Asker: 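Sharing a structure below in structure tokens format, with a few things to ask.
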Amino acid sequence: MKNALVSFAVLFLVGCGAADLTETEVAQVDQAVSNVPNTCFGASGSNCSGPPGGFCTNSTTTAGWVSCLVTVGSQMHDTCCMQYPGGESCNGSPTAQFCTPPANSGYGTPYRCCKAEWDHAVGDMAAGRYWSWGFKESVVAPPGYRMANTAVRNGQVTAFPTANSIKAKSGTRLWRPDAEMGWCANGIRSAGLTDAICN
């Protein structure tokens, strides 16, 4: 978790003194902290930078704010990485963490934590199931923050939204199982075999 890494870095700096750290050690701490998804929590990509190519853009009207693309899967993945920093594509721990896969999901063992959530996030982006949301760059998600509770429905990995979830705006296309779990802010306008459109 980013907060744990920040706390460790601060304690290390206070205990040893900044002068005792080499440039390489400082860079390693900075890199470890920056890789953990804890700012722009729930947005696609790493922190407020987005993935290569960028899914976050600076606000043209308000300093310190960015607009980022959000998916159900990105919220699922960030939530999982908060609990398992060594999970799939979490980049918060040098050691991979392994878990029991979601029951009835079809994932076998060994199973790297957050793999199902990562696959969901990648699938959402590839299918265009995303919407934009404004984030304040300085806000860091607290330890244990949850935006989604992973669930399996008819063998498909989806999630229940929480009170912290960023629900989809009107006109957003979502994967139908996600929409049926309550991820549209104002309900479902229409639904096809695989996708649904939010009211």
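Quick note: numbers below take in every heavy atom, side chains included, and nothing from hydrogens, waters or symmetry partners. Since we're looking at a predicted model, the values are computed, not measured.
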Asker: Please report the closest heavy-atom contact between Ile166 and Trp131, naming both atoms and the distance.
Answerer: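 Closest heavy-atom pair between Ile166 and Trp131: O-CZ2, 2.9 Å.
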Asker: Does the SG of Cys184 lie under 2.5 Å from the SG of Cys198?
Answerer: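 Yes, the SG atoms sit under 2.5 Å apart.
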Asker: Show, in sequence, the C-alpha distance, side-chain angles and deciding distance for Cys114 and Cys81, and conclude whether the disulfide (SG to SG under 2.5 Å) test is met.
Answerer: CA-CA 7 Å; Cys114 309; Cys81 289; 4.4 Å; no
Asker: Can you name the salt bridge (Lys or Arg N to Asp or Glu O under 4.0 Å) partners of Lys167, sequence neighbours left out?
Answerer: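 Salt bridge (Lys or Arg N to Asp or Glu O under 4.0 Å) list for Lys167, sorted by chain: empty.
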Asker: With a 4.5 Å heavy-atom cut-off, do Asp124 and Asp178 have their side chains touching?
Answerer: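 Yes. Closest side-chain heavy atoms under 4.5 Å.
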Asker: Rounded at 0.5 Å granularity, tell me how far CD in Gln75 sits from OG in Ser44.
Answerer: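 Going from the CD atom of Gln75 to the OG atom of Ser44 covers 9.0 Å.
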Asker: Kindly work out whether a path of hydrophobic side-chain contacts (I/L/V/M/F/W/Y, heavy atoms less than 4.5 Å apart) joins Leu174 to Val122.
Answerer: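 In one cluster: no.
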Asker: Could you pull out all residues at least two apart from Arg176 that satisfy salt bridge (Lys or Arg N to Asp or Glu O under 4.0 Å)?
Answerer: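 Expected list: Glu180.
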Asker: Quick check: closest heavy atoms across Gly87 and Gln97, and the distance to 0.1 Å?
Answerer: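 Closest pair (atom of Gly87, atom of Gln97, distance): N-OE1, 4.1 Å.
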Asker: If you look only at pairs with a residue in residues 62-72, which of them pass as a salt bridge (charged side-chain N to carboxylate O under 4.0 Å, His left out), with sequence neighbours excluded?
Answerer: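 Salt bridge (charged side-chain N to carboxylate O under 4.0 Å, His left out) check on residues 62-72 returns no pairs.
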Asker: Any side-chain to backbone donor/acceptor pair from Ser132 onto Leu69? Under 3.5 Å, distance only.
Answerer: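 Not confirmed, Ser132 side chain does not pair with Leu69 backbone.
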Asker: Do any N or O atoms from the side chain of Ser74 and from the backbone of Gly42 form a donor-acceptor pair under 3.5 angstrom?
Answerer: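 Confirmed, Ser74 side chain pairs with Gly42 backbone.
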Asker: Enter the distance from Thr79:OG1 to Asn149:CG here, rounded to the nearest 0.5 Å.
Answerer: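 If I round to the nearest 0.5 Å, the distance is 7.5 Å.
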Asker: I need the Phe135 CZ to Cys68 SG distance, nearest 0.5 Å.
Answerer: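 These two atoms lie 5.5 Å from each other.
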Asker: Is the ring centre of Phe98 less than 6.0 Å from the ring centre of Tyr111?
Answerer: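 No - the distance between ring centres of Phe98 and Tyr111 does not fall below the 6.0 Å cut-off.
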Asker: Give the cluster check for Val157 versus Trp118: same hydrophobic cluster or not, with ILVMFWY residues linked at side-chain heavy-atom distances below 4.5 Å.
Answerer: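 Not linked; separate clusters.
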Asker: Please report the interatomic distance CG(Asn47) to CG(Asn91), rounded to the nearest 0.5 Å.
Answerer: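 Atom-to-atom, Asn47:CG and Asn91:CG are 10.5 Å apart.
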Asker: Working to the nearest 0.5 angstrom, can you tell me the gap between His77 NE2 and Thr150 OG1?
Answerer: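 It comes to 10.5 Å.
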Asker: Where do Thr172 and Lys169 come nearest, in terms of heavy atoms and distance?
Answerer: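 Reported closest heavy-atom pair: OG1-O, 2.8 Å.
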Asker: For residues 146-199, pull every pair meeting ring pair (Phe, Tyr, Trp, His ring centres under 6.0 Å), keeping only residues two or more places apart or in separate chains.
Answerer: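 Residue pairs with at least one partner in residues 146-199: His120-Trp175.
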Asker: Indicate the atoms forming the closest heavy-atom contact of Val66 with Cys40, along with that distance.
Answerer: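 Nearest heavy atoms, Val66 then Cys40: CG2-SG, 3.6 Å.
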Asker: List, one per line, each side-chain donor-acceptor pair under 3.5 Å for residues 187-196, sequence neighbours excluded.
Answerer:
unit_1	atom_1	unit_2	atom_2	d
Arg189	NH2	Ser170	OG	3.3
Asp195	OD1	Arg129	NE	2.9
Asp195	OD1	Arg129	NH2	2.8
Asp195	OD2	Arg173	NH1	2.3

Asker: Got a second to check how far Asn199's CG is from Asn186's CG, nearest 0.5 Å?
Answerer: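 Rounded to the nearest 0.5 Å, the CG-CG separation comes to 6.5 Å.
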Asker: Okay, side chain of Ser67, backbone of Thr57: is any donor-acceptor separation there less than 3.5 Å?
Answerer: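 Such a contact is absent between Ser67 side chain and Thr57 backbone.
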Asker: Which heavy-atom pair separates Pro142 from Met82 by the least distance, and what is that distance?
Answerer: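 Nearest pair, atom of Pro142 first, then Met82: O-CE, 3.1 Å.
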Asker: How far apart are the closest heavy atoms of Pro101 and Thr109, and which atoms are they?
Answerer: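 Smallest interatomic distance, heavy atoms only, reads CD-CG2, 3.7 Å.
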Asker: I'd like to check the side chain to side chain contact (heavy atoms under 4.5 Å, CB included) partners of Lys136; sequence neighbours left out, ordered by chain and number.
Answerer: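 In terms of side chain to side chain contact (heavy atoms under 4.5 Å, CB included), with neighbours along the sequence ignored, Lys136 is linked to Trp65, Ser138, Val139.
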Asker: Is there less than 2.5 Å between the SG of Cys56 and that of Cys48?
Answerer: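 In this structure, Cys56 and Cys48 share no disulfide.
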Asker: For the Cys pair Cys99 and Cys113, is the SG-SG distance shorter than 2.5 Å?
Answerer: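 Yes - the two cysteines, Cys99 and Cys113, have SG atoms within less than 2.5 Å of each other.
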Asker: For the residue pair Asp78 and Tyr145, confirm or rule out a side-chain donor-acceptor distance under 3.5 Å.
Answerer: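 Not at all, the side chains of Asp78 and Tyr145 share no donor-acceptor pair under 3.5 Å.
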Asker: In terms of hydrophobic clusters joined by side-chain contacts under 4.5 Å, are Phe41 and Tyr84 together?
Answerer: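 No; Tyr84 is not reachable from Phe41 via cluster members.
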Asker: Answer yes or no: does atom CG of Asn164 have more than 12 heavy-atom neighbours from other residues, nucleotides or ligands under 6.0 Å?
Answerer: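 For Asn164, atom CG is crowded (more than 12 foreign heavy atoms under 6.0 Å).
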